[in-house]
Amino acid sequence: MDHSLKIVFFGNCAAVQFQPDNILFGEVQPNIENVAISRTVPLQMKKSECRVSVINLIGIHETALDLDSLTAQLNENEIITFIFVVRLGQLTDADKMGIEWLQKVFGDRVLQFVMILFTYESQEESDSIIDDLKKNSALEQLIEKCGGYHTCSKNMNNQSEMRDLMNRIEQLFIDNKQQCYTIETNNTAINRTYQSVSVNHTQNFPLPSVFVALHSNANLPLEHLFQRLCLDNRHQCTLKAADVLQLTAHSLRSHESCAEKDLIQTFLQKLLMMNYRARSIKTKETNKQHDRQQTNNDLFNGDADFFKEISLFSQGKSKKIAIHPMDVQMAVFHCGDSFLKQLMMTKLSQCQYALPLLVPDPFTQEIEFPLWTFRQINKSWKMKDAKEEIISKIQPVWKAETPMVSFFRFGSLSSSKSQLMNSLINDKHNTFFHRNCKGSSKTRLLMDGVVEIAWYCPSGKDTDKFKQCVAFCNLHGDAGNNEKQLQILTEMASVNVVILPRLDQNDKSGKQIQELYKDRKPLICLLKEDECSVTEMRNGKYKIGLKDRNQSDVSEDLEQAINECLSLLSPESSSIFRLEDVSKYTGIRVDEKYDGDCSKGKIDAQNIMKLLKDKNLTEIKQSFLSSQGTLWHQWCAKNKELHRSQGNELEMEIKQKQEMKKIREQQHELDIGEFMKLFITEMNSQSPNEKIFFLKWLAILLDEYTSADLSTLHYKYDEKWSKVLKLKEKNEITEQQMATNLTCEQMELDKISEALQAATFGLEHILREIGQIYESCKSVNKNKEGLPCDFSSLPSLAAEMMISGFPMELMDGDAAHVPVDWVTAVLHELIKKLGDKRVFVLSVLGIQSSGKSTMLNAMFGLQFAVSAGRCTRGAFMQLVKVSKEMKEQLKFDFILVVDTEGLRALELSGRSTRHQDNELATFVVGLGNLTLINIFGENPSELQDILQIVVQAFMRMKKVNLSPSCMFVHQNVSEVTAGQKNMDGRRRLQETLDEMTKLAAKDEVCDAECFNDVITFDIQKDVKYFAQLWEGSPPMAPPNPSYCENIQELKTAFFSHASKSYGLELTHLKHRISDLWEALLNERFVFSFRNALEIATYRKLETEYSKWSWSLRRTMLEIENKFYNKIENEAINTVSETDLQDNLNVKNEEVEKSMSEFFEKDKDKDKDILIQWKVSFYIKIKDLRENIVRETTRKLNEILQQRDMKKRIDAQRTHHENDLLEKSKELAVKLKDKANDEAILKKEFEEFWKECCYTSEIYNTALRERGALQNRTCQRDQPTTIGKRMDCSLTRETHRAFFGAAVSSVVDQFHSAKAQSAALHQFMPRRARDTARSFDLARERSSSKREASSKRESASAPSSSTVWGARAHPTPRQRPRTRVDLKRPAKTAAQARPGRS
């Protein structure tokens, strides 16, 4: 039919609620004047697809006395049915008059076209319809005369009910053989006035929609809903994640109620804080006062009639109906961009809420499957395996394979299906929103046809309702009207649960139930009219009655039936549910495929992931990210050594810089690899939106790639650790066997731990690699081979990521080092892109797993990694934009949030973590304008110690101008009065911090008097107490609303701090990071200690140690002198270590006694600190004692060797002198007859001299050996040692004396032969002088290598007169006796501050 079909409504006005969201009539009640006003009604016939219009004559028969006035306005129309609207259970005389009026106007034949519509206030009332009919025979007879009856709420705002009504009308139309009531049907000519606007059915989808193209001037309920929520432009993505995450004035205030226009903003604010009360926000009533005034107009009228006024006000205009909370949520879903949808779904999951799985599109009625929004959601649970051992699992929900139980209903129900499902999943939390939830209203416009999903995650305990993870799906609305959703659910479900109001084999639902019953899948039927408990009708088919049974009993029966059904499933069953498989169904739209940017990002990320296929996860970083491996860690170690080196600074600095340069060159030469090439290429070729999708997809796929192997490694670690524990319990094996076995198992544990660290691979590691590529290229000032762009453009990529909301690594947690060049380059690019904006740096510090990242995520809606253990490594920074309205109040443009890894990490125990913790804490506190000191519990002792180190470090780093402030946040404090009860504890904390600050200031020569002078802190305002995070026991516990309220209070306190600060310009921040890290690298002393008191105590211990060590050294020097005297007097021939130890024992006992008194009898507060060094200092004293005994023994034995050697050399010298004299006499006698032959004399002398020189060379070799021994002694010994006493010039004097004597003897012989005297006088002096000089030069070169302090005054070379004129032998000059200086030596730098053991 091309023309519209008409439906006429008539009856009692009290049976209908006229209001804006009334789908049929709106808020205007018809009367004789306004009945012609047209109104759009979004209803049509489903099967015949005919246009349908509504004529509203409700109440006209009560007010229009002259019906002839309507005749002129009546048109020729076909009326398919007359709907007689009656209040359920209240068939009054006026209602009966309405039937009479209808027959009078339209004739008796009209009754076959009449259907009675009973309306009710609440769902429970509808259950009494059968009883009402039985009690009222007149009503029952009337129904028999008419075409049947139907029920709906008097609000008429439920889409599902209206569709049911249209289906029932269409059935009546079919029963009447599709005949219409016309004027020709009855001779009575009635002019009718109606309100008529048609809706054309343009989409070929089976379900009618209220979102089809509407008349531009229409005021339909859905249009009105979006207007009330200020989402007029709903056809576009008006809500963007980037805008929602801005810091706004609205987000800094707590809102328990708000105006309708702020509902969306308030809902998102609470949801980002993980506050599950986001679904129960109250709206402020604007018409309350107006209604009250109307009511009080005739308050004191004496003629007041109660029954009349009750009826009057029930027909009057009611107050505005609140917007349904689920409509708010779904409106955000329909109007948000892809990133906001994903963020919202992630937060809903954290709140333990059900998530939209299938969503009818509000504009086209096309069913959407939002797979993209599930990609970041993970679920964790514990379950028992076949061996009854508990195993842990964590999986992304889109990948998890679990059984799925689907719930759906046919028709209307008085009991809530969603509430029943909640009792199965978590009876203390409303996972699925139901009609009895707080904030629920009578209207619900956007939920019909929506399928929601939630997961039950067991905890591995006996109290678990289900022993495995189970997915639960809930189809909202009548399943008969949502055929596509029903098809998908029933096909994918492991168990189907259907709720039936009544059993009717002939209706449509009966046929569908019959099909499900014949199917092999388990089926559970909940029957409204049945009173039985759980009954198995046949294998896998159960029925449970609902009538007159409380929900607790029904829930227990249902739980039992579901468990029995799940037990029938095999692990290989095709009924296992996998979320991704939903996308295989035709006729639904998958968001990932529909969004071009999302689809492209997925393809690009998958292309990169192909490079990792079949690779060993523990070797991937080494293979693909080589620049951040061993070479980078070596460079960091060398850089710290360079800044903290001791000794020859210049020489060390040159060497270290050369080695660091070499490491950078090696880094630069490494192959960049296809993985990094492709990543950088993709980042440079994509639009901003594509880039965000690409990065998110890559993070998702990397997490999927690593999760399986990481789970396996964690399982291996648990197994190995269990073995270690069992080994420790075994008593039948020997201690040696236990130690051997434990060592082997411990080594295996260490290997698994290293593999876990190597297998951790995420987006942060890729960015770290880019940073190292940049730094290596910058170091050698040359582009890397294979790099697809210039290295100078790499910081721009990271800057764009920061602007898009991704965190960037500030400190490498694996290397414990800040890549300063890379970080400053990224900040420089930020300045280029944003301008030199001002930022407020908010950092967080706390013990591992104290909830730091969770707190920041809740405060600002961020997504820092959260889990038990060391989930954050190092430090990460992320930008939070300040909205325009807030910039005037806050005076800065961005908040830079710095998240840090937990201190006292158990994974790093045994690796000198104290130094790293203190270093990290100082860096984070120094960098931040405000630091949140996060403490798990009420005791701040752990962080109290770290803060003292931070304070002292700040005092020592005088070149860095810092003005930090802090707030203490105590997590997991359940007592609401903790703030008042802990006043004394806070006072003691303040006193301790002030005392330590004074102690540190005295030590560092600083003017600080209290903690507040160094770090701004108000003990009254800057200490916050947080409730525990979870409301119950995980994994099914939702976040605690009190925790969310505490987060809001913290944000308010943060705003108070931030409003007083101007923040930092990005340029200033860049320099601060560089200066602060440089200062930290130069600090090598303070970070090794726990707190300031410990530093002062250790310095006191150093002073005592210096006294003890000097006492032992001085005593040993005295013993050395005594033994030297005995050596000179030839009283002893050997010295052993036992001899010296015996002499040192008395002093050693005195020192040990002094040490014992110092460690045991010190002040109580120092005694507890000193005890940690007691053993190490006893060992140091013992080592010192052994070293000085060993060294003194060596020196004394060398002196004994020198004494014996001197005796041997003296004997040889006497022998050679005598021999030379004899030969000289023989030569003189031989040449006495040839005195006049000058040539002969010269020749004979040359031969004689050569022979003398050869003999002297043999002797001189022995002298050189003796001299070498003396040189070693002189060079090795300190100036005060006894080795100096042997005169190192003795060799020279003996040498000269020997040659003087020899030459003198020769001259004497030649003088006795007068014939040769002239010749000898001519040749000998020059030769003797030359020879003596050559020996002197050789000896002086040897002596020049000795220390200046060991040089002695030596005799000058003999003159020619001495050589030739002396008759007697010159004797060596006697060395004066040297005494040992017993004065205490000056304390060297190394002695002043020995390193800690």
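All values below come from the heavy atoms of this structure, side chains included, with hydrogens, waters and symmetry mates left out.
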(request) List in chain and number order the residues that pass salt bridge (Lys or Arg N to Asp or Glu O under 4.0 Å) with Lys998, two or more places apart in sequence or in another chain; answer none if no residue qualifies. (result) none
(message) Donor-acceptor check, side chain of Thr931 to backbone of Gly928, threshold 3.5 angstrom: yes or no?
(response) no
(message) Going by the rule salt bridge (Lys or Arg N to Asp or Glu O under 4.0 Å), which residues pair with Arg664 if we only count those two or more places apart in sequence or in a different chain?
(response) Glu775
(request) Apply salt bridge (Lys or Arg N to Asp or Glu O under 4.0 Å) to Glu1078 and list each qualifying residue two or more places apart in sequence or on a separate chain. (result) none
(request) Starting at CG of Leu642, measure out to CD of Gln656 and round the result to the nearest 0.5 Å. (result) 6.0 Å
(request) Tell me, please, which residues at least two apart from Glu1149 pass side-chain hydrogen bond (donor to acceptor under 3.5 Å, both in side chains). (result) none
(message) Would you compute the distance between atom CG of Leu1080 and atom CZ of Phe923 and round it to the nearest 0.5 angstrom?
(response) 7.5 Å
(message) List the residues meeting side-chain hydrogen bond (donor to acceptor under 3.5 Å, both in side chains) with Asn1133, not counting sequence neighbours, and say none if there are none.
(response) Arg1203
(message) What's the separation between atom CZ in Arg1185 and atom CG in Asn1148, rounded to the nearest 0.5 Å?
(response) 4.0 Å
(request) Just jot down the side-chain hydrogen bond (donor to acceptor under 3.5 Å, both in side chains) partners of Trp632, sequence neighbours excluded, or say none. (result) Asp812
(request) Kindly compute the distance separating CG (Asn1129) from OH (Tyr1124), expressed to the nearest 0.5 Å. (result) 9.5 Å
(request) Start with the C-alpha distance between Glu1104 and Lys1107, add both sets of side-chain angles, then the distance that settles salt bridge (Lys or Arg N to Asp or Glu O under 4.0 Å), and finish with yes or no. (result) CA-CA 5 Å; Glu1104 292 299 317; Lys1107 294 177 183 178; 3.6 Å; yes
(message) Test your reading of the model: is there a side-chain donor-acceptor pair from Asp1139 to the backbone of Ser1136, 3.5 Å cut-off?
(response) yes
(message) Using a 3.5 Å distance criterion without hydrogens, assess whether the side chain of Asn1143 forms a donor-acceptor pair with backbone atoms of Ile1119.
(response) no
(message) Check Lys1153 with Glu1150, please: is the shortest side-chain N to carboxylate O separation under 4.0 Å?
(response) no
(message) Whether the side chain of Thr997 engages the backbone of Leu993 through a donor-acceptor N/O pair (distance < 3.5 Å, no angle test) should be reported.
(response) yes
(message) I'd like to check the side chain to side chain contact (heavy atoms under 4.5 Å, CB included) partners of Ile1179; sequence neighbours left out, ordered by chain and number.
(response) Val1175, Asp1183
(request) Taking the side chain as every heavy atom from C-beta outward, state whether Leu810 and Thr900 have any atom pair closer than 4.5 Å. (result) no
(message) Using a 3.5 Å distance criterion without hydrogens, assess whether the side chain of Asp917 forms a donor-acceptor pair with backbone atoms of Leu903.
(response) no
(request) Identify, with sequence neighbours excluded, every residue that meets ring-ring contact (aromatic ring centres under 6.0 Å, His included) alongside Phe936. (result) none
(message) List the residues meeting side-chain hydrogen bond (donor to acceptor under 3.5 Å, both in side chains) with Lys720, not counting sequence neighbours, and say none if there are none.
(response) Glu745
(message) When you measure from the side chain of Asn1197 to the backbone of Val1135, do you find a donor-acceptor pair of N or O atoms at a distance under 3.5 Å?
(response) yes
(message) Under the rule for side chain to side chain contact (heavy atoms under 4.5 Å, CB included), what residues qualify as partners of Asp1013, not counting sequence neighbours?
(response) Ala1008, Glu1009, Cys1010
(request) Ignoring hydrogens and angles, tell me if any N or O in the side chain of Ser753 forms a donor-acceptor pair with the backbone of Leu749 under 3.5 Å. (result) no
(request) Rounded to the nearest 0.5 Å, what's the gap from CH2 on Trp1077 to CG on Leu927? Could you check? (result) 12.0 Å
(message) Pairing donors with acceptors under 3.5 angstrom, does anything connect the side chains of Arg1190 and Asn1187?
(response) yes
(request) In plain terms, say whether Arg987 and Glu991 are close enough for a salt bridge, that is, a side-chain N and a carboxylate O under 4.0 Å apart. (result) yes
(request) To the nearest 0.5 Å, tell me how far Leu1200 CG sits from Lys1195 NZ. (result) 14.0 Å
(request) Tell me, please, which residues at least two apart from Gln658 pass side chain to side chain contact (heavy atoms under 4.5 Å, CB included). (result) Ile654
(request) Quick one: list whatever passes side chain to side chain contact (heavy atoms under 4.5 Å, CB included) with Lys655, sequence neighbours left out. (result) Glu659
